[in-house]
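For reference, positions follow the sequence shown, starting with 1. On a predicted model such as this, the values are computed, not experimentally measured, just so you know.
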Amino acid sequence: MVSKGSFEIMKKILISISLIFTFHFSLFNLSGCGYAIHGKVSLPFDSIQVGKLENTTLEPKLQDKLQIALSEEFLKQGLDVNPNAGYKLSGMINQFELRILSEKGGLATEYEVIIKGDFSLVDPLGNTEDFKNLGSPFIVSFQSSDTLELEKVLALKEIVSERAIRDMALEIVSSLIYHVRK
């Protein structure tokens, strides 16, 4: 007959073995699928210059907002933004659309903001890599039941445009990380 004390010891041993097995199984499973932990991006450079960003749309100040969003996103990824860096990103915002998604009683109540552009990365040797038609990979929309309050609709459009610009910056940086490796 097994005493209560030895049963508790055996229970603790089985729990410990199960935890160790689970940890090792997870570790091997994740590392075998291509997952890895990185401290910062693996690129052939550690600083980048954000060059001229043009806005060919009728929406004002998109280039300024994108400049700030790109700088913030590069810093999040561990890259310094430096005007003297060897690698230079430049580009053009060539699409800004405010689409009506739904309407009620003949008046628009839900809108979608679409922002897209073309960008290029020039390395220190003058080689250029182009990134075409980049924009927010997410649907960025807003609702307004105050169809007669134009100020509120415009304020919501500004907020959503900012989010779309941040998403666009993330997409640009992600494309650089994916296409330009060490």
Side-chain angles (χ1 to χ4, degrees), residues 38-104 107-124 127-181:
H38 296 285
K40 69 180 216 178
V41 296
S42 300
L43 292 171
F45 52 90
D46 57 3
S47 65
I48 189 167
Q49 178 185 159
V50 179
K52 185 174 184 180
L53 299 173
E54 294 181 55
N55 178 12
T56 61
T57 71
L58 298 177
E59 186 68 18
K61 301 201 181 272
L62 290 178
Q63 72 281 4
D64 298 335
K65 294 173 185 177
L66 182 58
Q67 178 92 27
I68 292 167
L70 278 170
S71 297
E72 289 173 355
E73 193 57 41
F74 281 128
L75 290 173
K76 284 180 192 175
Q77 297 298 328
L79 292 170
D80 291 329
V81 178
N82 184 336
N84 300 317
Y87 285 80
K88 181 179 180 179
L89 177 73
S90 57
M92 178 185 315
I93 303 169
N94 50 28
Q95 181 184 6
F96 178 89
E97 287 184 50
L98 183 63
R99 289 186 185 165
I100 297 172
L101 294 179
S102 64
E103 60 181 57
K104 185 176 183 180
L107 298 172
T109 58
E110 187 174 13
Y111 306 87
E112 175 184 26
V113 173
I114 298 170
I115 302 175
K116 293 193 182 256
D118 299 327
F119 301 89
S120 61
L121 179 70
V122 180
D123 70 15
N127 300 319
T128 302
E129 184 153 359
D130 293 324
F131 303 91
K132 301 285 185 189
N133 204 30
L134 293 180
S136 174
F138 310 107
I139 295 173
V140 184
S141 64
F142 66 97
Q143 293 180 344
S144 177
S145 58
D146 299 317
T147 53
L148 298 177
E149 287 188 46
L150 184 60
E151 296 86 17
K152 186 172 182 180
V153 172
L154 291 174
L156 287 171
K157 182 193 80 156
E158 282 298 312
I159 292 168
V160 172
S161 297
E162 290 275 345
R163 191 170 74 217
I165 284 286
R166 284 194 310 273
D167 290 346
M168 180 185 215
L170 176 62
E171 182 71 10
I172 293 166
V173 173
S174 297
S175 293
L176 288 177
I177 292 168
Y178 181 73
H179 292 288
V180 183
R181 292 284 183 174

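- With a 4.5 Å cut-off on side-chain heavy atoms, D167 and R163 count as touching.
- With respect to the salt-bridge test (charged N to carboxylate O, under 4.0 angstrom), the residues K157 and E59 qualify.
- Looking at heavy atoms from C-beta onward, F96 lies in side-chain contact with S161 at the 4.5 angstrom threshold.
- A search for salt bridge (Lys or Arg N to Asp or Glu O under 4.0 Å) contacts involving E97 returns R99, not counting sequence neighbours.
- Here the closest non-hydrogen pair linking K104 and T109 is CB-CG2, 3.6 Å.
- Counting only heavy atoms from C-beta outward, the side chains of I48 and L176 approach each other to under 4.5 Å.
- Closest of all the heavy-atom pairs between M168 and K116 is CE-C, 3.4 Å.
- Residues S102 and E110 come closest through the heavy atom pair OG-CB, 3.1 Å.
- Counting only heavy atoms from C-beta outward, the side chains of Y87 and L121 approach each other to under 4.5 Å.
- Counting heavy atoms from C-beta outward, Q63 and Q67 have side chains that stay 4.5 Å or more apart.
- Nearest heavy-atom pair, D118 versus N133, reported as atom, atom and distance to 0.1 Å: OD1-N, 2.7 Å.
- Taken to the nearest 0.5 Å, the CD atom of Q143 stands 11.0 Å off from the OH atom of Y111.
- Residues in residues 76-91 take part in these salt bridge (charged side-chain N to carboxylate O under 4.0 Å, His left out) pairs, two or more places apart or across chains: E73-K76.
- Residues F74 and V50 meet the side-chain proximity criterion, which asks for heavy atoms closer than 4.5 Å.
- For the pair I93 and L53, the minimum side-chain heavy-atom distance is 4.5 Å or more.
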